[in-house]
Amino acid sequence: MILSPSLLSCDFARLAEELSALEAAGITWAHLDVMDGSFVPNITFGPPVIAAMRRTTKLFFDCHLMIDEPGRYIDEFAQAGADLICVHAEATNHLERVCASIAQSGCKPAVALNPATPLEAVRYLLPQLSMVLIMSVNPGFGGQAFIPFCLDKVRELKAMIRAAGAATLIQVDGGVTLDNCAELVAAGADVLVSGSAFFKHPPLPERHRQFQGRCGG
Ligand code: DX5
Ligand code: ZN
């Protein structure tokens, strides 16, 4: 299990310190929530802030783009220092093309599905995707409650990936806590995003150990 803390819950005035605290806590991924105020009702940050963070850390940047028509900005996010770029299936009519352009930019391609979006949206793309993100809250805000049917969605996606013989990772994002993380990993989750449940309980090394203790990794 890889834990990818969502910086949405950290102190934006101290991003460099927060990133180095994550590294010191043995974290390897950072989940960067990019919101445009249109695809989701909230606005966060974009490529300039990611480029500034990139200069301070070697953490793997897992960039979750909650923006309309993400194909317009793939090169900018890649140049800013993204390692993985995750776009929403609901945000473009040309998902295959956008995923191909992410791979072309040198980043790992991933697709996110809102809670109500069926898994069929990614079935034929699995061989070319590094990861599928199962949203377990409606995107836009941290601190929301996990939507229970998403656990079944993770199980079904795991079976779909196995049947396709693909190596696609499953990420779960939204309402992940110490209480549900073991169940999610048992259902097939490889990468867990945690914002409020991770950052609101410092010290971070201990919190990381608690997650590892519950679900391994
Ligand atoms: C929600 C974001 C999540 C969020 C997770 O739109 O994509 O990454 O910050 O926060 P928690 O863990 O608090 O649900
Ligand atoms: Zn996210």
Side-chain angles (χ1 to χ4, degrees), residues 1-12 15 18-19 22 25 27 29-47 49-50 53 59-68 70 73 77 82-91 102 107-117 122 129-151 153-154 169-185 189-202 204 207-208 210-212 214-215:
M1 189 278 291
I2 297 167
L3 186 63
S4 190
S6 164
L7 295 192
L8 197 55
S9 293
C10 82
D11 181 353
F12 282 8
L15 283 172
E18 297 276 30
L19 291 166
L22 290 177
I27 294 288
W29 285 37
H31 184 82
L32 308 185
D33 286 306
V34 176
M35 304 188 187
D36 67 353
S38 174
F39 181 72
V40 287
N42 195 3
I43 301 177
T44 54
F45 51 79
V49 174
I50 293 175
M53 289 194 280
L59 284 169
F60 183 88
F61 280 176
D62 157 26
C63 298
H64 178 194
L65 306 192
M66 287 160 276
I67 65 175
D68 281 322
Y73 293 106
F77 282 100
D83 292 295
L84 174 149
I85 298 179
C86 184
V87 298
H88 269 262
E90 306 84 4
I102 296 170
C107 294
K108 293 184 185 300
V111 170
L113 302 177
N114 280 340
T117 302
V122 291
L129 292 180
S130 291
M131 194 177 81
V132 172
L133 192 180
I134 298 292
M135 281 305 305
S136 41
V137 297
N138 289 292
F141 303 95
Q144 304 182 77
F146 183 87
I147 297 175
F149 69 68
C150 296
L151 186 62
K153 228 174 146 182
V154 173
L169 298 176
I170 300 178
Q171 182 176 62
V172 181
D173 182 11
V176 174
T177 66
L178 278 181
D179 293 329
N180 61 18
C181 65
E183 229 178 353
L184 287 166
V185 170
D190 304 290
V191 185
L192 297 179
V193 175
S194 177
S196 48
F198 185 76
F199 279 101
K200 306 287 183 213
H201 302 269
L204 301 185
R207 199 58 174 164
H208 187 203
Q210 287 173 331
F211 270 97
Q212 286 175 315
R214 291 282 171 95
C215 25

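All values below come from the heavy atoms of this structure, side chains included, with hydrogens, waters and symmetry mates left out. Remember, it's 1-based here, ligands and their atoms both numbered in the order they're listed.
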Just to verify, what does Ser194 make a side chain to side chain donor-acceptor pair (under 3.5 Å) with, not counting sequence neighbours? none

Give a yes or no on this: more than 12 heavy atoms of other residues, nucleotides or ligands lie within 6.0 Å of atom OH of Tyr73. no

Which residues and atoms, protein N, O or S only, are under 2.8 Å from the Zn ion (ligand 2)? His31 NE2, Asp33 OD1, His64 ND1, Asp173 OD2

Member of Ile134, Val137, Ile147 meeting the side-chain contact (heavy atoms from CB on, under 4.5 Å) criterion with Pro115: Ile147

Looking at every heavy atom in both Asp11 and Glu18, which two are closest together, and how far apart are they? N-OE2, 2.8 Å

Under the 3.5 angstrom rule, does the side chain of Gln144 hit a backbone N or O of Asn138 as a donor-acceptor pair? yes

Locate the shortest heavy-atom distance separating Asn114 from Phe39; write the atom from each residue and the value. ND2-CZ, 4.0 Å

Criterion side chain to side chain donor-acceptor pair (under 3.5 Å) on Ser4 and Asp62, from CA distance to verdict: CA-CA 8 Å; Ser4 190; Asp62 157 26; 2.8 Å; yes

Just list the side-chain donor-acceptor pairs under 3.5 Å for residues 172-184, sequence neighbours left out, or say none.
| residue | atom | partner | partner atom | Å |
| --- | --- | --- | --- | --- |
| Asp173 | OD2 | His31 | NE2 | 3.1 |
| Asp173 | OD2 | His64 | ND1 | 3.2 |
| Thr177 | OG1 | Asp179 | N | 3.1 |
| Thr177 | OG1 | Asn180 | N | 3.4 |
| Asn180 | OD1 | Thr177 | N | 2.8 |
| Asn180 | ND2 | Gly175 | O | 2.9 |

In terms of heavy-atom contacts, Leu113 and Ala89 come closest through CD2-CB, 3.7 Å

Just to be sure I understand the cut-off, which residues have at least one non-hydrogen atom under 4.0 angstrom from an atom of ligand 1? Ser6, Leu8, His31, Asp33, Met35, His64, Met66, Met135, Pro139, Gly140, Phe141, Gly142, Gly143, Asp173, Gly174, Gly175, Val193, Ser194, Gly195, Ser196

